[in-house]
> 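So that we are looking at the same thing, I have put the structure below in structure tokens.
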Amino acid sequence: MSITGTPSGVTAPLSADCTVWRNLAALLFDRIPLPVAYCDATGTIVTANQAMASEWGTLPSRLIGRRALSLFRPAGERQLDPISEALRMRRRSRYPIEVSWSTKDNTERHGEMIIDLVGEAPDTPPNLLLILRVGDQPTGPAAAQPEKAARVSDIEKRILALVAAGQTSARIAAEVGLTPDGVNYHLARLSRRWGVANRAALVARAYTKGVLAPCTWPPVPAEPPTQH
């Protein structure tokens with residue numbers, strides 16, 4: 001049996017809506033600018049986004065099946081003790097640890113790994129969501145930075161956050177005090193402005209522009225930069 005209750009080797013039928021949202025989630029996962037990987041309870045990578053694979057100059061598919069601890073070195077072994085205990089007790093929680101790793105060209109890197117223990121049901125072993133925050137940059141060409149979030153009104157930010165959460169135009173309209181046509185007008189205008197063709201791409205572009213806060217659920221607009 002799988003963790004969803006479906007016998008191994010048997011694929012449960014998905015509704016059209018489930019397929020759409022699964023594909024949307026996969027698109028957003030790959031477009032998140034932060035390196036992210038999803039592992040099973042043993043720490044074996046199930047999927048990783050392009051930003052994570054780029055740390056080793058490879059493709060996401062080539063990280064699948066590798067143990068996360070074969071890629072990262074915790075700053076201290078005792079940092080893993082609370083995570084091991086949480087896995088044993090099947091607790092869902094978040095743990096930051098300091099890690100280092102070596103890139104494909106043997107450049108030493110350091111950063112913080114946020115480990116979220118997540119799962120579908122309390123009686124199943126948690127899986128691991130890994131989010132890497134790089135603490136230093138290698139010498140060489142400057143790394144690409146997120147695009148600036150320009151010309152986005154507060155109402156458009158709220159609409160984008162609700163779209164990212166999977167809400168319909170009618171539900172968004174009720175939340176922000178517009179008509180469904182008004183919501184669609186704002187979405188169409190943003191799509192033209194950013195040169196994208198659908199809502200999935202629009203949400204992905206909102207994350208790369210820094211309009212929506214990363215690593216946050218439900219989605220919310222990013223905080224404006226602090227003025228000094």
> Below 4.5 Å, heavy atoms only, C-beta onward: do Val134 and Glu55 meet side chain to side chain?
yes
> Is it true that the side chains of Thr42 and Asp40 contain a donor and an acceptor less than 3.5 Å apart?
yes
> Report the distance from atom CZ of Arg189 to atom OG of Ser191, rounding to the nearest 0.5 Å.
11.5 Å
> Quick check: is Leu132 connected to Ile64 through a chain of hydrophobic side chains (ILVMFWY, heavy atoms under 4.5 Å apart)?
no
> How far apart are the closest heavy atoms of Pro96 and Ile114, and which atoms are they?
CB-CD1, 3.7 Å
> Answer whether the closest heavy-atom distance between the side chains of Thr179 and Val183 falls below 4.5 Å.
no
> Would you say that Leu80 contacts Leu69 through its side chain, given a criterion of any heavy-atom pair below 4.5 Å between the two side chains?
yes
> Which pair of non-hydrogen atoms, one from Ser102 and one from Glu108, has the smallest distance, and what is that distance?
OG-OE1, 3.1 Å
> Hey, does Arg94 have a side-chain heavy atom less than 4.5 Å from the side chain of Leu117?
no
> Looking only at side-chain N and O atoms, does Arg199 offer a donor or acceptor that is under 3.5 Å from a partner on Ser169?
yes
> Between Thr168 and Arg171 (side chain of the first, backbone of the second, donor and acceptor by atom type, cut-off under 3.5 Å), is there such a pair?
yes
> Is the shortest heavy-atom distance from the side chain of Leu178 to the side chain of His186 under 4.5 Å?
yes
> Evaluate salt bridge (Lys or Arg N to Asp or Glu O under 4.0 Å) for Glu175 paired with Arg158, printing each intermediate quantity in order.
CA-CA 9 Å; Glu175 290 281 344; Arg158 291 179 61 196; 5.5 Å; no
> Show your working on side-chain contact (heavy atoms from CB on, under 4.5 Å) between Val211 and Trp194 and close with a plain yes or no.
CA-CA 12 Å; Val211 175; Trp194 292 345; 4.1 Å; yes
> With side chains defined as the heavy atoms from C-beta onward, is the minimum distance between Cys215 and Leu34 less than 4.5 Å?
yes
> Decide salt bridge (Lys or Arg N to Asp or Glu O under 4.0 Å) for Arg73 and Glu98; before the verdict, give the C-alpha distance in whole Å, the side-chain angles of both, and the deciding distance to 0.1 Å.
CA-CA 8 Å; Arg73 301 183 297 274; Glu98 295 180 18; over 6 Å; no
> Could you tell me whether the side chain of Glu156 and the main chain of Ser153 form a donor-acceptor pair under 3.5 Å?
yes
> Passes side-chain contact (heavy atoms from CB on, under 4.5 Å), Ile159 versus Leu187? Steps please.
CA-CA 8 Å; Ile159 289 172; Leu187 293 174; 3.6 Å; yes
> Would you indicate whether the side-chain heavy atoms of Ile83 and Ile97 approach each other to under 4.5 Å?
yes
> Rounded to the nearest 0.5 Å, what's the gap from CG on Leu190 to OH on Tyr185? Could you check?
10.0 Å
> Ignoring hydrogens, what is the shortest heavy-atom contact between Thr58 and Gln50? Give both atom names and the distance.
O-NE2, 3.6 Å
> Can you name the one residue among Asp116, Asn127, Asn49, Thr47 that meets side chain to side chain donor-acceptor pair (under 3.5 Å) with Tyr38?
Asn127
> Could you label the plane-to-plane angle of the Trp56 and Phe72 rings as parallel, tilted or perpendicular, counting under 30° as parallel and over 60° as perpendicular?
perpendicular
> Sub-3.5 Å donor-acceptor pair from the side chain of Thr216 to the main-chain atoms of Pro219, do we have one?
no
> side-chain contact (heavy atoms from CB on, under 4.5 Å) between Leu129 and Ile115: does it pass, once the steps are laid out?
CA-CA 6 Å; Leu129 180 64; Ile115 303 177; over 6 Å; no
> Indicate the atoms forming the closest heavy-atom contact of Cys39 with Leu130, along with that distance.
SG-CD1, 3.6 Å
> Is Val220 close to Leu212 at the side-chain level, that is, under 4.5 Å between some pair of heavy atoms?
no
> Is it true that Tyr207 and Val196 fall in one hydrophobic cluster, defined by side-chain heavy atoms closer than 4.5 Å?
yes
> With a 4.5 Å cut-off on side-chain heavy-atom distances among I, L, V, M, F, W and Y, is there a chain of contacts connecting Val176 to Val152?
yes
> Do the side chains of Ile45 and Tyr95 join up, straight or via other hydrophobic residues, at under 4.5 Å, putting them in one cluster?
yes
> Membership question, hydrophobic clusters at under 4.5 Å side-chain separation (ILVMFWY): are Leu160 and Ile155 in the same one?
yes
> Looking only at non-hydrogen atoms, find the nearest pair between Gly210 and Ala222 and report the distance.
O-CB, 3.1 Å
> What pair of heavy atoms forms the shortest contact from Leu128 to Gly43, and how long is it?
CD1-CA, 4.0 Å
